[in-house]
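For reference, the structure is listed below as structure tokens.
The figures here come from the full heavy-atom set of this structure, side chains too, leaving out hydrogens, waters and symmetry mates.
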Amino acid sequence: MKKELNSPKAPGAIGPYSQAIQTGNLIFVSGQLPINAETGEMPADIKAQTRQSIENIKAILAEAGATLDNVVKSTCFLADMSLFGAMNEVYGEEFHKTFPARCAFAVKELPKQALVEIEVIAAI
């Protein structure tokens, strides 16, 4: 059985999808754009955008009593691979050992011209 997870502290879905779905002990968090849920604003630089995407993920995970420490897999989508180093720096500040498995790659374009979007899978 699946359960929808939503947090008012993360931006609402901009399409026909859920912020996250929990099934059993797994949580699948949809890709989080770096949008501040309170203001609707997106920071300009990659470091601030990465931090905001991760804050959105934290808010959604909290709805299931989970934290970043529960994340077992993440995928980072970048507007350009030249942004990888700066994104990786912030990512390393937010996630702790044992780090989740991760995939990071550049895509042609992200919604709302974001520089980064991050999705995760967590186990509780």
Side-chain angles (χ1 to χ4, degrees):
M1 180 152 66
K2 64 183 183 179
K3 173 185 172 187
E4 185 176 18
L5 299 175
N6 287 298
S7 172
K9 296 180 181 179
I14 58 174
Y17 62 90
S18 301
Q19 283 182 338
I21 293 291
Q22 181 176 354
T23 181
N25 69 331
L26 295 176
I27 302 168
F28 297 85
V29 179
S30 293
Q32 292 301 301
L33 292 172
I35 298 171
N36 181 305
E38 290 182 21
T39 66
E41 299 293 318
M42 184 183 314
D45 69 274
I46 185 60
K47 287 186 175 183
Q49 285 197 16
T50 301
R51 203 169 308 283
Q52 183 63 60
S53 288
I54 293 172
E55 288 302 315
N56 294 343
I57 290 166
K58 287 183 197 177
I60 295 165
L61 290 173
E63 293 296 315
T67 69
L68 292 181
D69 290 334
N70 295 98
V71 174
V72 295
K73 171 75 169 76
S74 68
T75 304
C76 302
F77 305 95
L78 297 164
D80 190 294
M81 281 310 286
S82 67
L83 303 170
F84 179 81
M87 177 280 298
N88 201 47
E89 184 180 325
V90 174
Y91 185 98
E93 293 169 3
E94 294 287 341
F95 285 91
H96 307 99
K97 286 197 174 187
T98 300
F99 295 110
R102 183 181 78 183
C103 182
F105 51 91
V107 296
K108 182 177 178 184
E109 186 177 1
L110 289 167
K112 300 189 177 276
Q113 288 71 52
L115 300 175
V116 65
E117 182 175 2
I118 304 172
E119 68 177 17
V120 302
I121 300 169
I124 53 174

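- Connection of I21 to V29 is not established within any shared hydrophobic cluster, with ILVMFWY side chains joined at heavy-atom distances below 4.5 Å, either directly or through further cluster members.
- Evaluation of the side chain to side chain donor-acceptor pair (under 3.5 Å) test over residues 41-59, restricted to residues two or more places apart or in two chains, returns K47-E89, R51-E93, R51-E94, Q52-N56, E55-K58, K58-E94.
- Under the 4.5 Å side-chain heavy-atom criterion for Ile, Leu, Val, Met, Phe, Trp and Tyr, F99 and V90 are members of distinct hydrophobic clusters.
- Counting only residues at least two apart or on different chains, no ring pair (Phe, Tyr, Trp, His ring centres under 6.0 Å) pair has a member in residues 37-57.
- Side-chain atoms of I27 and I60, non-hydrogen and from C-beta on, never get closer than 4.5 Å to each other.
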Which side-chain N or O atoms in residues 78-86 pair as donor and acceptor under 3.5 Å with protein atoms at least two apart or in another chain?
| from | atom 1 | to | atom 2 | distance (Å) |
| --- | --- | --- | --- | --- |
| D80 | OD1 | S82 | N | 2.7 |
| D80 | OD1 | S82 | OG | 2.7 |

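- With sequence neighbours left out, D69 forms a side chain to side chain donor-acceptor pair (under 3.5 Å) with no residue at all.
- Judged as a side chain to side chain donor-acceptor pair (under 3.5 Å), and not counting sequence neighbours, E38 has no contacts.
- Closest approach of P34 to P43, counting heavy atoms only: O-CD, 3.1 Å.
- Criterion: ILVMFWY side-chain heavy atoms under 4.5 Å apart, direct or through other members. Under it, L61 and I124 are part of a common hydrophobic cluster.
- A salt bridge (charged side-chain N to carboxylate O under 4.0 Å, His left out) check over residues 101-121, counting only residues at least two apart or in different chains, returns nothing.
- For F95, the ring pair (Phe, Tyr, Trp, His ring centres under 6.0 Å) test picks out Y91, with sequence neighbours left out.
- In the hydrophobic clustering, where aliphatic and aromatic side chains (Ile, Leu, Val, Met, Phe, Trp, Tyr) are joined below 4.5 Å either directly or transitively, F77 groups with F105, V107, L110.
- Side-chain contact between P11 and L33: absent, with no pair of heavy atoms (C-beta onward) separated by less than 4.5 Å.
- K3 meets the side chain to side chain donor-acceptor pair (under 3.5 Å) test with no other residue; sequence neighbours excluded.
- Follow the hydrophobic side-chain contacts under 4.5 Å out from I46 and you never reach I35; the two are in separate clusters.
- Within the structure, no pair that satisfies the ring pair (Phe, Tyr, Trp, His ring centres under 6.0 Å) test touches residues 33-75, not counting sequence neighbours.
- Every pair passing side chain to side chain donor-acceptor pair (under 3.5 Å) that includes a residue from residues 11-31 is listed here, sequence neighbours excluded: E4-S18.
- L26 and V71 fall into different hydrophobic clusters, where Ile, Leu, Val, Met, Phe, Trp and Tyr are joined by side-chain heavy atoms under 4.5 Å apart, directly or via other members.
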